[in-house]
Amino acid sequence: MNSETLLLRQINPSFLQNGRVTSQAFRPTPKDEKKLSVYDGDKITAQKAWQHFIENPLCRSVGVMAVSKNQCDEQNIPVIADGVPFPEHAYLDYSNMSKGEVERKAKALSAKAQQRGWLFKQD
Amino acid sequence: MLTIDLEPELEINLINLSKQEHFSLNELFNQLAKSYLSQKQTETQQKSNPLNIKNRLEELAQLQNGWLDGKGIAPNRESLLWLSKEFETKFSPSLPLPYLYPTAEGGIQAEWSLKNDWEISLEINLDSKQAQWQAFNLITEQCDEYEWDLGSSESWQTLNQTLQALLPKEAA
């Protein structure tokens with residue numbers, strides 16, 4: 001992984017309205033223990049990541065957006081490539097951040113991801 | 001004989017006009033036609049707006065528990081009806097409509113992206129009616145945070161004023 005590595009994020013259908021994605025897509029939910037799961041874009045394409053994700057019947061995604069490792073660095077968000085529970089898995093570590101801080105950083109990342117646009121979009 | 005059924009708002013306009021000492025039938029007709037067209041235009045714009053609050057909340061009322069990777073809690077339908085009515089009656093129609101999304105905890109998050117780089121979220125807890133406002137400017141990194149009780153009309157007024165103050169000048 002390097003500064004240009006894209007970190008792929010699945011977008012839930014309800015997190016999309018009229019073409020705009022909520023900043024919630026870039027912050028962990030309370031049950032995620034402040035870890036936001038992503039796919040390491042150096043190891044898997046956006047389309048294959050999407051296919052892998054929806055293999056789980058509980059998981060729905062309308063497509064894939066991404067932020068770069070460098071953009072996470074700018075926000076002082078550590079990126080951990082843990083390879084668990086699958087080799088391409090990584091996470092953005094929001095540990096030790098207040099709720100307000102998490103939301104601010106999620107807004108900044110969401111804006112960057114939407115400027116970049118969809119890396120893969122379901123037909 | 002020509003009979004016209006008037007809607008309540010037009011009746012009020014008619015009464016107001018009739019109180020004036022001098023008016024002609026032409027003025028009366030023009031006033032009625034202007035009011036009617038304005039009202040219908042507003043209704044049509046609201047219904048066709050892709051961010052229509054009522055339509056979006058009806059859509060989110062269809063969510064089931066587990067909607068977010070098997071974990072998301074579905075928002076309560078009665079609470080969504082409450083929120084829809086509150087927006088309809090207390091959110092200023094002159095302000096931009098928010099995007100609305102469910103939260104993993106069964107709430108609703110309203111969001112606005114303003115052209116002057118303000119990213120705004122209003123996270124609404126449907127059970128407590130408490131709402132957390134965060135406005136973050138992507139360029140200046142100024143951040144304002146408030147908590148409001150949306151069960152109170154005063155909080156809606158504060159919400160309207162706070163959002164209005166952040167709008168770009170040309171849109172304000």
Side-chain angles (χ1 to χ4, degrees), chain A residues 9-39 50 52-62 67 71 74-76 85 89 91 97-115, chain B residues 48-53 55-57 59-75 96-115 117-123 125 132-147:
Chain A
R9 183 70 186 152
Q10 305 292 333
I11 306 299
N12 184 278
S14 296
F15 279 175
L16 177 67
Q17 183 189 7
N18 197 37
R20 182 187 181 279
V21 172
T22 171
S23 61
Q24 291 180 85
F26 294 89
R27 68 169 167 88
T29 67
K31 290 179 182 175
D32 294 330
E33 298 175 341
K34 296 203 169 184
K35 295 175 180 176
L36 184 79
S37 287
V38 290
Y39 287 80
W50 177 80
H52 176 267
F53 185 74
I54 64 163
E55 279 174 9
N56 182 338
L58 293 176
C59 295
R60 298 178 65 208
S61 168
V62 288
V67 291
Q71 288 168 335
E74 287 171 358
Q75 296 297 323
N76 294 315
H89 185 268
Y91 65 89
M97 295 181 200
S98 68
K99 185 172 185 288
E101 193 177 3
V102 169
E103 289 176 3
R104 285 197 299 277
K105 291 174 189 291
K107 284 181 172 75
L109 290 185
S110 179
K112 297 286 185 190
Q114 292 185 74
Q115 281 171 9
Chain B
S48 63
N49 190 323
L51 302 185
N52 180 285
I53 301 275
N55 292 349
R56 176 60 171 167
L57 291 180
E59 191 180 313
L60 296 182
Q62 306 306 314
L63 287 175
Q64 305 289 323
N65 282 334
W67 63 270
L68 184 60
D69 307 343
K71 295 175 188 168
I73 299 170
L97 292 175
Y99 289 81
L100 296 172
Y101 307 98
T103 69
E105 302 84 14
I108 293 294
Q109 181 151 307
E111 296 184 12
W112 294 262
S113 290
L114 304 185
K115 287 178 182 173
D117 300 307
W118 282 102
E119 286 291 330
I120 302 166
S121 61
L122 183 72
E123 186 179 344
N125 181 318
Q132 292 181 314
W133 166 278
Q134 186 189 73
F136 179 60
N137 190 290
L138 296 171
I139 303 301
T140 66
E141 298 193 339
Q142 181 185 337
C143 187
D144 301 324
E145 295 180 348
Y146 306 108
E147 186 159 343

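As the structure is a computational prediction, the values presented were derived from the model and not from experiment. Chain A is the first sequence line, chain B the second, and so forth, proteins listed ahead of strands; every chain is numbered from 1. For the numbers below, each heavy atom of this structure counts, side chains included, while hydrogens, waters and symmetry mates do not.
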Requested in this report: Of all the heavy-atom pairs spanning L16(A) and R56(B), show the shortest one and how long it is.
Outcome: O-NH2, 3.9 Å

Requested in this report: Run the numbers on Q24(A) and T103(B) for side chain to side chain donor-acceptor pair (under 3.5 Å), then give the verdict.
Outcome: CA-CA 8 Å; Q24(A) 291 180 85; T103(B) 69; 5.1 Å; no

**Report entry** S14(A) to P102(B) - nearest heavy-atom pair and separation
**Finding:** O-CD, 3.4 Å

Query raised in the report: What's the spacing between T29(A) OG1 and E105(B) CD if we round to 0.5 Å?
Result: 7.0 Å

Query raised in the report: Hey, is CD on Q64(B) packed in by over 12 heavy atoms from elsewhere, all under 6.0 Å?
Result: no

Report summary line: Closest non-hydrogen contact found for Q134(B) with G100(A) is NE2-O, 2.9 Å

Query raised in the report: Taking Q17(A) for the side chain and Y99(B) for the main chain, is one N or O donor matched with an acceptor at less than 3.5 Å?
Result: no

Report summary line: Counting heavy-atom pairs under 4.5 Å with chain A, the top scorer among E111(B), E119(B), E141(B) is E111(B)

Report task. Verify the distance criterion only: is there a donor paired with an acceptor across the side chains of S121(B) and K107(A) at less than 3.5 Å? Result -> yes

Query raised in the report: Which bit of S23(A) comes within less than 4.5 Å of chain B, counting heavy atoms only: side chain, backbone, both or neither?
Result: both

Query raised in the report: Within a strict 4.5 Å, meaning less than it, do heavy atoms of the T22(A) and Q109(B) side chains meet?
Result: yes

Query - Gap separating the CG atom of L138(B) from the CD atom of Q115(A), nearest 0.5 angstrom - result: 8.0 Å

Query raised in the report: Is it the case that more than 12 heavy atoms not belonging to E101(A) sit under 6.0 Å from its CD atom?
Result: yes

Report summary line: Taken in chain and number order and not counting sequence neighbours, the residues that satisfy ring-ring contact (aromatic ring centres under 6.0 Å, His included) with F53(A) are none

Report task. With salt bridge (Lys or Arg N to Asp or Glu O under 4.0 Å) as the test, would you mind laying out the steps for E145(B) and K99(A) before giving the verdict? Result -> CA-CA 11 Å; E145(B) 295 180 348; K99(A) 185 172 185 288; over 6 Å; no

Query raised in the report: Which bit of E59(B) is near chain A, if near means a heavy-atom gap under 4.5 Å: side chain, backbone, both or neither?
Result: neither

Report task. Sort L51(B) into side chain, backbone, both or neither according to what part of it lies under 4.5 angstrom from a heavy atom of chain A. Result -> both

**Report entry** From CG (D32(A)) to CG (D69(B)), nearest 0.5 Å
**Finding:** 8.0 Å

Report task. Step through the shown structure and confirm whether more than 12 heavy atoms of other residues, nucleotides or ligands are within 6.0 Å of NZ on K105(A). Result -> yes

Query raised in the report: Side chain, backbone, both or neither: which part of L68(B) has a non-hydrogen atom closer than 4.5 Å to chain A?
Result: both

Query - Nearest heavy-atom neighbours spanning F15(A) and W67(B) - result: CE2-CH2, 3.6 Å

